[in-house]
S.K.: 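First the structure, which I've put down as structure tokens, then a few questions once you've had a look.
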Amino acid sequence: MFIDRADIFVQAGDGGDGSNSFCKIKGLKKRQDGGDGGKGGDIILVADKNVQTLIDFHFRKHFRGDDGSSGSGNHRNGANADDCIVRLPLGTIVRDRYEDIAYCDLKADGQSVVLIKGGAGGHGNSKFRQATAGDPGEEKEITLELKLIADVGIIGYPNAGKSSLISRISKAKSKIANYPFTTKTPILGMVKLSDERSFVVCDIPGLIEGAHAGRGLGDDFLRHVERTRALIHMIDMAGVDCRNPADDFKSINSELKLYNAQLGKRPQVIAVNKMDIPEAKENLKAFRKKIKKTVYPISCVTGEGIKELLEAVYKKL
Ligand SMILES: Nc1nc2c(ncn2[C@@H]2O[C@H](COP(=O)(O)OP(=O)(O)OP(=O)(O)O)[C@@H](O)[C@H]2O)c(=O)[nH]1
Ligand SMILES: [Mg+2]
């Protein structure tokens with residue numbers, strides 16, 4: 001299961017109460033000696049590369065900072081509470097659940113944000129006539145949204161060979177089968193061209209016409225390629241599913257634009273796949289007449305053209 005959105009409730013700790021204490025020493029006037037309360041724990045969000053999904057937040061939805069300790073007599077101040085640390089996957093965007101406010105976008109491992117502050121401790125009566133109560137901690141209802149961060153997204157119709165490609169060029173294991181929507185969740189893989197040259201690719205479920213409005217597995221997954229720098233547009237040049245490759249190319253591009261104009265403008269490297277099948281050669285001639293763009297003919301079965309494709313992708317990056 002791939003959970004990429006979760007609603008949670010966070011509440012920082014309350015401040016501890018100030019103490020109302022009187023010191024009585026025989027023969028002397030009563031003295032006020034109540035200490036201050038400690039501060040409540042903050043809610044701190046931390047990006048952690050060891051956390052992969054938001055699944056834990058579907059089981060635990062409440063996070064509360066500890067309360068500060070109360071002050072006590074003899075000017076003793078209460079202890080400040082520990083902060084509550086919430087660890088999130090890289091690529092999590094934190095928004096208000098009800099209002100259009102984005103609080104943070106956690107991109108780098110170890111990046112941290114104090115989301116809400118614990119309440120201040122109350123004053124003891126050693127400084128004030130009357131002790132005061134600690135302030136309540138802030139609280140918020142937030143939505144966590146995970147958008148994977150990859151350099152390159154692989155897009156295309158179902159069965160085009162996207163998972164075959166990621167499995168061939170990286171160690172990622174993405175299920176491959178000859179039926180549509182085999183891939184149901186995004187998969188990341190690292191492509192190493194040489195010791196210094198590498199990039200991260202993301203395989204997403206196949207797109208179909210109307211995907212931007214939720215058809216098929218829909219727009220839910222387009223959000224994962226929103227943060228890429230380039231796209232590999234995979235086309236089944238053999239037309240195995242009886243579609244026309246040039247129409248496939250146009251309709252996927254129109255889905256991208258409809259989903260998000262920026263995504264429509266993202267640099268693309270066009271990979272025309274299944275060139276090992278005889279029909280693909282004829283289809284490619286017709287495709288080139290209609291689409292006047294550079295294409296990279298490949299076969300994920302024989303490995304033909306893959307090296308050239310990856311070099312072109314790296315150049316684009
Ligand atoms: N002959 C041939 N078959 C291929 C090639 N690439 C992929 N296939 C086959 O095409 C079918 C679909 O491949 P996948 O990699 O699962 O396709 P996908 O684009 O990930 O499909 P979805 O996850 O459903 O969107 C599988 O049966 C693959 O074996 C190729 O270059 N040549
Ligand atoms: Mg797939």
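On a predicted model such as this, the values are computed, not experimentally measured, just so you know. As the structure lists them, so they are numbered: ligands from 1, and atoms in each ligand from 1. All residue numbers refer to positions in the sequence shown, counting from 1.
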S.K.: Tell me: protein heavy atom nearest atom 6 (N) of ligand 1, and distance?
M.R.: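 Ranked first by proximity to atom 6 (N) of ligand 1 is Asn273 ND2, 3.1 Å.
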S.K.: When you look for heavy atoms under 4.0 Å from ligand 1, do you find them on the side chain of Ile298, its backbone, both, or neither?
M.R.: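 The answer is neither; Ile298 stays 4.0 Å or more away.
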S.K.: Within a 6.0 Å radius of atom CG on Asp96, are there more than 12 heavy atoms belonging to other residues, nucleotides or ligands?
M.R.: yes
S.K.: Counting non-hydrogen protein atoms only, what is the nearest one to atom 32 (N) of ligand 1? Give residue, atom name and distance.
M.R.: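 Protein heavy atom at minimum distance: Asp276 OD1, 2.8 Å.
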S.K.: Do other residues, nucleotides or ligands put more than 12 heavy atoms under 6.0 Å from the CD atom of Glu209?
M.R.: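 Open.
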S.K.: Within a radius of less than 6.0 Å around NZ of Lys292, do more than 12 heavy atoms belonging to other residues, nucleotides or ligands occur?
M.R.: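 Check passes, neighbour count above 12.
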S.K.: Checking a contact table here: which protein heavy atom is nearest atom 10 (O) of ligand 1, and how many Å away?
M.R.: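 Sorting protein heavy atoms by distance from atom 10 (O) of ligand 1 puts Lys274 NZ, 3.2 Å first.
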S.K.: In the protein, what heavy atom is nearest to atom 3 (N) of ligand 1, and what distance, to one decimal place, separates them?
M.R.: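 Ranked first by proximity to atom 3 (N) of ligand 1 is Val301 CG2, 3.7 Å.
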S.K.: To which of Ile155, Ile187, Asn159 does the heavy atom nearest atom 21 (O) of ligand 1 belong?
M.R.: Asn159
S.K.: For atom NZ of Lys281, decide whether the heavy atoms of other residues, nucleotides or ligands shown that lie under 6.0 angstrom number more than 12.
M.R.: yes
S.K.: Taking everything shown except Arg197 itself, do over 12 heavy atoms lie less than 6.0 Å from its CZ?
M.R.: yes
S.K.: What protein heavy atom sits nearest atom 19 (O) of ligand 1, and how far off is it?
M.R.: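 For atom 19 (O) of ligand 1, the nearest protein heavy atom is Lys162 NZ, 2.7 Å.
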S.K.: Is there a nitrogen or oxygen of Ile204 sitting under 3.5 Å from a nitrogen or oxygen of ligand 1?
M.R.: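 Ile204 vs ligand 1: no N/O contact under 3.5 Å.
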S.K.: Atom 31 (O) of ligand 1: which protein heavy atom is closest, and how many Å away?
M.R.: Cys300 N, 2.8 Å
S.K.: Can you tell which of Ala177, Ser164, Gly161 gets a heavy atom nearest to atom 12 (C) of ligand 1?
M.R.: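 Nearest heavy atom to atom 12 (C) of ligand 1 lies in Ala177.
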S.K.: CD1 of Ile85 to CG of Asp48: how many Å apart, nearest 0.5 Å?
M.R.: 11.0 Å
S.K.: Relative to the heavy atoms of Gly206, which atoms of ligand 1 are at a distance of less than 4.0 Å?
M.R.: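 In order of number, 25 (O).
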S.K.: Within ligand 1, which atoms have a heavy atom of Tyr179 less than 4.0 Å away?
M.R.: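 Within the 4.0 Å cut-off of Tyr179, ligand 1 contributes 24 (O).
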S.K.: Closer than 4.0 Å to some heavy atom of Thr183 - which atoms of ligand 1 meet that?
M.R.: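 In order of numbering, the contacting atoms are 20 (O), 23 (O).
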S.K.: Does any N, O or S atom of Ser163, backbone or side chain, fall under 2.8 Å from the Mg ion (ligand 2)?
M.R.: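 Yes, within the cut-off.
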S.K.: So between Asn178, Ile176, Val272, whose heavy atom ends up nearest atom 27 (O) of ligand 1?
M.R.: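 Comparing heavy atoms across Asn178, Ile176, Val272, the nearest one to atom 27 (O) of ligand 1 lies in Asn178.
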S.K.: Does a side-chain N-to-carboxylate-O contact under 4.0 Å join Lys285 and Glu282?
M.R.: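 So Lys285 pairs with Glu282 through a salt bridge.
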S.K.: Looking at Asp17 and Ala133, would you say the former's side chain and the latter's main chain have a donor-acceptor pair under 3.5 Å?
M.R.: no
S.K.: Does ligand 1 have a heavy atom under 4.0 Å from the side chain of Pro180, from its backbone, from both, or from neither?
M.R.: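 Backbone only.
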S.K.: Quick one: closest heavy-atom pair of Lys117 and Asp42, and the distance?
M.R.: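 Nearest pair, atom of Lys117 first, then Asp42: CA-OD1, 3.3 Å.
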S.K.: Do NZ/NE/NH1/NH2 and the carboxylate oxygens of Lys274 and Asp236 come within less than 4.0 Å?
M.R.: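 A salt bridge is present here (some side-chain N lies under 4.0 Å from a carboxylate O).
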S.K.: Kindly confirm whether the Mg ion (ligand 2) is within less than 2.8 Å of some N/O/S atom in Asn159?
M.R.: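 False for Asn159.
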S.K.: How about Lys175: does its NZ atom have over 12 heavy atoms from other parts shown lying under 6.0 Å from it?
M.R.: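 No.
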S.K.: What atoms of ligand 1 come within less than 4.0 Å of a heavy atom belonging to Ile277?
M.R.: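 Contacts of ligand 1 toward Ile277, numbered from 1: 1 (N).
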